[in-house]
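Remember, predicted model here, so these are calculated numbers, not experimental data.
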Amino acid sequence: MYQQRKISPYAPIQKGDFFWKRYTISANENVQLNELIKSAESLTNDLLFSGEAKPMYNTGFIIIHAGLDVNFVVFGYWVNKNELMTKVYKSLPSESHLLLPVDLNTASGLCIWDLSVVFYEKEALIQYLLDGALLDIEAYRLDQLDNWV
């Protein structure tokens, strides 16, 4: 049965010249996110973009989602102006430190709460970076969803 979850902005991080917006989502208030946040942050050190299209504006977003049955960490970044690249990792709730990559051709990658963040990021991308002559990367980086979905 569907139950609303809080989507919260979390302190952005910068790794080298790459800026990551971060979001947290929890299935309930009893979930401890600290270990999952640390595991997600450690993955940013391993993400290399060689051989892939270069991320636009050296900016992306991370969704750190502590679910009921599984944890999700979703990395999203825009390439070729309007295409979203995603990398998804999962773990059991009791094993937040063991995030494993997901093959998006054979397993689910995004749930309805994660898609709410993706939709918001799409709208922000259009507003600040694609629509009009004035590009405002800082406004895009500062604009984050903070809502119940």
Gap between atom [atom2] of [Y] and atom [atom1] of [X] - 0.5 Å precision:
X: Leu99; Y: Leu36; atom1: CG; atom2: CG; value: 6.0 Å
X: Tyr128; Y: Glu123; atom1: OH; atom2: CD; value: 11.5 Å
X: Lys87; Y: Ile62; atom1: NZ; atom2: CD1; value: 12.5 Å
X: Met56; Y: Glu83; atom1: CE; atom2: CD; value: 10.5 Å
X: Ser94; Y: Glu35; atom1: OG; atom2: CD; value: 9.5 Å

Considering only heavy atoms from C-beta outward, does the side chain of [X] approach that of [Y] to under 4.5 Å?
X: Lys122; Y: Leu125; value: no
X: Trp20; Y: Pro12; value: no
X: Thr59; Y: Tyr77; value: no
X: Asn58; Y: Phe19; value: no
X: Asp136; Y: Leu129; value: no
X: Val118; Y: Leu84; value: yes

Checklist line | Stepwise side-chain contact (heavy atoms from CB on, under 4.5 Å) check, Val88 with Leu104 | finding: CA-CA 8 Å; Val88 179; Leu104 296 177; 3.7 Å; yes
Next item on the list: Check salt bridge (Lys or Arg N to Asp or Glu O under 4.0 Å) between Glu138 and all other residues, then give those that pass, not counting sequence neighbours.
Entry: Arg141
Next item on the list: Identify, with sequence neighbours excluded, every residue that meets salt bridge (Lys or Arg N to Asp or Glu O under 4.0 Å) alongside Glu41.
Entry: Lys15, Arg22
Notebook entry, point to check: Checking Lys21 against Tyr10: charged group under 6.0 Å from the ring centre and within 45 degrees of the axis?
Noted result: no
Considering all heavy atoms, the nearest [X]-[Y] contact:
X: Ser8; Y: Lys6; result: OG-CG, 3.3 Å
X: Asp143; Y: Glu121; result: O-OE2, 4.2 Å
X: Gly109; Y: Phe72; result: O-CD2, 3.8 Å
X: Leu92; Y: Asn71; result: O-ND2, 3.4 Å
X: Ser116; Y: Leu145; result: O-CD2, 4.0 Å
X: Ala27; Y: Gly67; result: CB-C, 3.7 Å

Check: Could you walk me through whether Thr44 and Ile13 pass the side-chain contact (heavy atoms from CB on, under 4.5 Å) check?
Finding: CA-CA 10 Å; Thr44 63; Ile13 56 171; 4.1 Å; yes
Next item on the list: Measure from the side-chain N and O atoms of Lys38 to the backbone N and O of Ser96, and report whether any donor-acceptor pair falls under 3.5 Å.
Entry: no
Check: Could you give all pairs that pass the ring pair (Phe, Tyr, Trp, His ring centres under 6.0 Å) test and reach residues 82-102, with sequence neighbours left out?
Finding: Phe75-Tyr89
Next item on the list: Kindly assign one of parallel, tilted or perpendicular to the pair Trp78 and Phe61, based on the angle between their ring planes and the thresholds 30° and 60°.
Entry: tilted
Next item on the list: Please check if any side-chain donor atom of Asp146 sits under 3.5 Å from a side-chain acceptor atom of Tyr23, or the reverse.
Entry: no
Next item on the list: Check the side chains of His65 and Asp114 for a donor-acceptor pair under 3.5 angstrom, ignoring hydrogens and angles.
Entry: yes
Let me check something: do [X] and [Y] share a hydrophobic cluster, defined by ILVMFWY side-chain heavy atoms less than 4.5 Å apart, either directly or through other members?
X: Tyr120; Y: Leu130; value: yes
X: Leu68; Y: Val70; value: no
X: Val102; Y: Leu110; value: yes

Note to self: Counting only heavy atoms not in Gln4 (residues, nucleotides, ligands), do more than 12 fall under 6.0 Å from its CD?
What the structure shows: yes
Check: Among Ile25, Asn147, Ile63, Thr24, whose side-chain contact (heavy atoms from CB on, under 4.5 Å) with Ile7 holds?
Finding: Ile25
Next item on the list: Under the ring pair (Phe, Tyr, Trp, His ring centres under 6.0 Å) rule, what do Trp113 and Tyr2 come out as? Steps first, then yes or no, please.
Entry: CA-CA 10 Å; Trp113 296 281; Tyr2 174 79; 5.7 Å; yes
Next item on the list: Just do the side-chain contact (heavy atoms from CB on, under 4.5 Å) check on Leu33 and Ser26 with the steps written out, would you?
Entry: CA-CA 8 Å; Leu33 281 169; Ser26 295; 3.4 Å; yes
Next item on the list: Evaluate the criterion side-chain contact (heavy atoms from CB on, under 4.5 Å) for residue pair Val149 and Ile112; output intermediate values, then yes/no.
Entry: CA-CA 9 Å; Val149 174; Ile112 59 172; over 6 Å; no
